[in-house]
Asker: 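First the structure, then my questions, so here it is.
Chain letters run A, B, ... following the sequence lines, proteins first and then strands; every chain starts at 1.
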2 protein chains.
Amino acid sequence: MSDTDELLSIRAAELYYEENQTQDEIGVILRLTRWKVGRLLASARANGFIRIEIVHPRARRLPIERRLRESTGLTDAIVVSSAGVSSDAELQSRTAQAAADYLTNLRPIPHTLGISWGRTLHDVSLHLKQGWAPGVNVVQINGGVSLNQRTGTAASTAVTIAHKADGSATLLPSPAIFERLETKQAMEADRTIAGVLALARNAQAYVYSAGQADANSALVDSGYLTVEQINDLVAKGAVGDVVGRYIDRHGRIVDPELNERTVGIQIDQLRRAPLTIAVISGNTKHAIARAVVRNGLCTVLVTDEDTANALLQEKDTP
Amino acid sequence: MSDTDELLSIRAAELYYEENQTQDEIGVILRLTRWKVGRLLASARANGFIRIEIVHPRARRLPIERRLRESTGLTDAIVVSSAGVSSDAELQSRTAQAAADYLTNLRPIPHTLGISWGRTLHDVSLHLKQGWAPGVNVVQINGGVSLNQRTGTAASTAVTIAHKADGSATLLPSPAIFERLETKQAMEADRTIAGVLALARNAQAYVYSAGQADANSALVDSGYLTVEQINDLVAKGAVGDVVGRYIDRHGRIVDPELNERTVGIQIDQLRRAPLTIAVISGNTKHAIARAVVRNGLCTVLVTDEDTANALLQEKDTP
DNA sequence: CCCGGTTCTGCTCAGATGAGCAATGATATC
DNA sequence: GATATCATTGCTCATCTGAGCAGAACCGGG
């Protein structure tokens, strides 16, 4: 397009989008036919000079969602807009809200819902509305929180989700990681624990988040792992953890011995499940999000615009 | 509007603006009538959830221009968009471009055009196209540049503008500020200098920029004033200079003695002129821009979005 | 100079949309 | 519980707008 036409298209866009003039009126002002004005506006849009943004905490980015679905084979992708957010926390809250919305609209409603624990899941539980589902049995799928902090975050997440659905919660009263393999095996042999794990393996749907592999990991906060252990895992290729198990970019367990001492469903159970919702948001989680999506560890991804774009760029430059 | 309606309006906006669906199609998806969808979209726009931005170096902000005209009594206001600019320099270049555009489209074409000098005016001269006007006599309205730098920036600005208009330039071969009042008076008594000043006083139109009162002022760079002198002026209330003369926020000369030693047309000449175009851009120039606009020192203001918004906010909270 | 190909322009027509209006539903007040 | 008031809904109609098409203008190569 010629230079003067480009300038005209900008003048037309100003009058059209900012002054709400009709193409006819713009034609009179710029001494053009209204068809020419229409074409100029179309070219302004085609050249990307017109940027339309939906600024709202609940806004999603449907085109990105579609591209994600197409390029990854996810059955569904929910991408929240990051327009106008100032902090990572705000973005994660938006994502949690979107996950809560997704759960609320889920059909058929799962009879048994397996969940992990963590800041993200807790956030999701808070965003759910009372009565979001008519009765759901929530079951924890990995060992619970905190050796040294306010206990009960994991339990309260599950209980809150269940309570708000007028359903019941089945807790997994176990540490996340045992020191000794034998202790873990003894634990799993216990009738009640085995029952919970069996229930978890048979859940119709899973919701979980994932943590990045760094000193801020929830497993470090909770006292199950030291920063040194994390550094070791990173050295072996770990990008983050999924239901307490550290994986590398290819979705493989990086430390089988540690994995054996970890309580909860196996990674492969997530892989085989028909509905697995991963809720992953924040600039530090791009790597683990990629590992999760690339290796089929979820069928539905709830994330933020920046993370989604990072995933898409990876696809473009393989 | 109810909460669920707000959420629906966001969903509708996503489908309408990002997915290019018709209101009818959206109605089917959201189980609404197409009229309801139309109303939701209207409310989304009314609530400011839809942000439309024209991203282009030549884009202007017509609504802001209109509000500026209405609230200040300017005969014209040109406001360039700051969408997508990364540096103050880029913003100033856009503003200079807009000023050049404004001059090019000016009707009637002024016979004599009085100009000041400085980075901004130089920028304007560069953005003008060859043949922008069919013959204009350009005359300098204040004493020229630089005791210690590449001389001729002031002269070259005037010459370039005149040359590109196939016209002539009349230079004011004088320092900006004299040390002694007597020297300045002797200078002005000179036949040729007096003639240039007379021509400057009778120009049909003026174009000038303004400088902020700080250590980065062009008058400091050029060696006419020291940083200490500027600090003194600031202490007396100076917010910046116009054609080399420092004024306070009420448009008053802050140092009459210094003003007497300054060569060029008086501030009042600008006030009385029927067409005075001020080109002022950059985050450091909000105060001087306000002084210029509030006190009738220009009839046309060319500026950037941020400066314009600062002016409007002043108006809102008097 | 002519001619095939390409781009640009003005137009018709159908689909999309907003303004305005009457009917309906909700709410507050007595 | 009756009723005045206000907001909401579904609709008609006029206007706005984009797709598609035919003719005009432009261009480069014979």
Side-chain angles (χ1 to χ4, degrees), chain A residues 1-56 58-63 65-67 81 101 105 129-131, chain B residues 1-56 58-63 65-67 81 105 129 131:
Chain A
M1 191 177 50
S2 83
D3 201 49
T4 72
D5 262 17
E6 179 169 320
L7 194 49
L8 274 177
S9 77
I10 296 301
R11 294 284 152 268
E14 289 159 1
L15 293 164
Y16 190 75
Y17 289 106
E18 303 201 322
E19 301 283 73
N20 295 315
Q21 309 243 26
T22 72
Q23 299 184 5
D24 239 347
E25 293 169 319
I26 296 169
V28 172
I29 294 171
L30 299 180
R31 296 160 196 288
L32 301 166
T33 64
R34 71 186 175 84
W35 298 285
K36 178 74 178 172
V37 174
R39 286 176 178 126
L40 287 172
L41 287 172
S43 79
R45 285 188 288 261
N47 286 321
F49 298 150
I50 313 297
R51 188 159 70 205
I52 301 185
E53 223 175 27
I54 303 172
V55 186
H56 193 281
R58 307 286 277 271
R60 283 163 49 187
R61 302 301 318 278
L62 305 187
E65 294 182 359
R66 180 152 31 77
R67 285 196 286 149
S81 163
D101 289 348
N105 296 320
K129 282 235 180 74
Q130 186 62 44
Chain B
M1 191 176 50
S2 83
D3 201 48
T4 72
D5 263 18
E6 179 169 320
L7 194 49
L8 275 176
S9 77
I10 297 301
R11 296 284 152 267
E14 288 160 2
L15 294 164
Y16 191 75
Y17 289 107
E18 303 200 321
E19 299 285 74
N20 294 317
Q21 309 244 26
T22 72
Q23 299 184 4
D24 239 348
E25 293 169 319
I26 296 169
V28 172
I29 294 171
L30 300 180
R31 299 160 195 286
L32 301 167
T33 63
R34 71 187 177 84
W35 298 285
K36 178 73 178 175
V37 173
R39 285 176 179 124
L40 287 172
L41 288 172
S43 80
R45 285 188 288 261
N47 285 321
F49 298 150
I50 314 297
R51 189 159 69 206
I52 301 184
E53 226 177 24
I54 303 171
V55 187
H56 192 280
R58 306 287 278 269
R60 282 164 49 187
R61 302 300 318 275
L62 304 187
E65 293 181 358
R66 180 152 31 79
R67 286 197 286 150
S81 164
N105 295 321
K129 282 236 181 74

Asker: Would you mind telling me which of dT12(C), dA19(C), dA16(C) lies closest to the side-chain atoms of Arg34(A)?
Answerer: dT12(C)
Asker: Side chains of Ile54(B) and Glu18(A): does their closest heavy-atom pair fall under 4.5 Å?
Answerer: yes
Asker: Considering only NZ, NE, NH1 and NH2 on the basic side and carboxylate oxygens on the acidic side, decide whether Arg58(A) and Asp101(A) come within less than 4.0 Å.
Answerer: yes
Asker: Hey, are Arg39(A) and Asp5(A) close enough for a salt bridge, meaning a charged N less than 4.0 Å from a carboxylate O?
Answerer: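 No, no charged N to carboxylate O under 4.0 Å.
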Asker: Would you mind telling me which residue lines up with the more 5' stretch of DNA chain D, Gln23(A) or Trp35(B), judged by nearest nucleotide?
Answerer: Trp35(B)
Asker: To the nearest angstrom, how far is Leu41(B) atom CG from dA16(C) atom P?
Answerer: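 That distance rounds to 14 Å.
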Asker: Please round to the nearest 0.5 Å and tell me the distance separating atom CD of Glu14(B) and atom NE2 of His56(A).
Answerer: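 Reported to 0.5 Å precision, the distance equals 10.0 Å.
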Asker: Out of dT9(C), dT17(D), dG10(D), which has the shortest distance to the side chain of Arg39(B)?
Answerer: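 So the side chain of Arg39(B) is nearest to dG10(D).
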Asker: Quick one: Tyr16(B) OH to dT17(D) P, roughly how many Å, whole number?
Answerer: 10 Å
Asker: Could you give the CG-to-P distance, from Asp24(B) to dC11(D), as a whole number of Å?
Answerer: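 Answer to the nearest Å: 12 Å.
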Asker: Specify the separation, in whole Å, of atom NZ of Lys36(B) and atom P of dC11(D).
Answerer: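 That distance rounds to 15 Å.
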Asker: Just how far, in rounded Å, is P of dT15(D) from CG of Asn20(A)?
Answerer: 19 Å
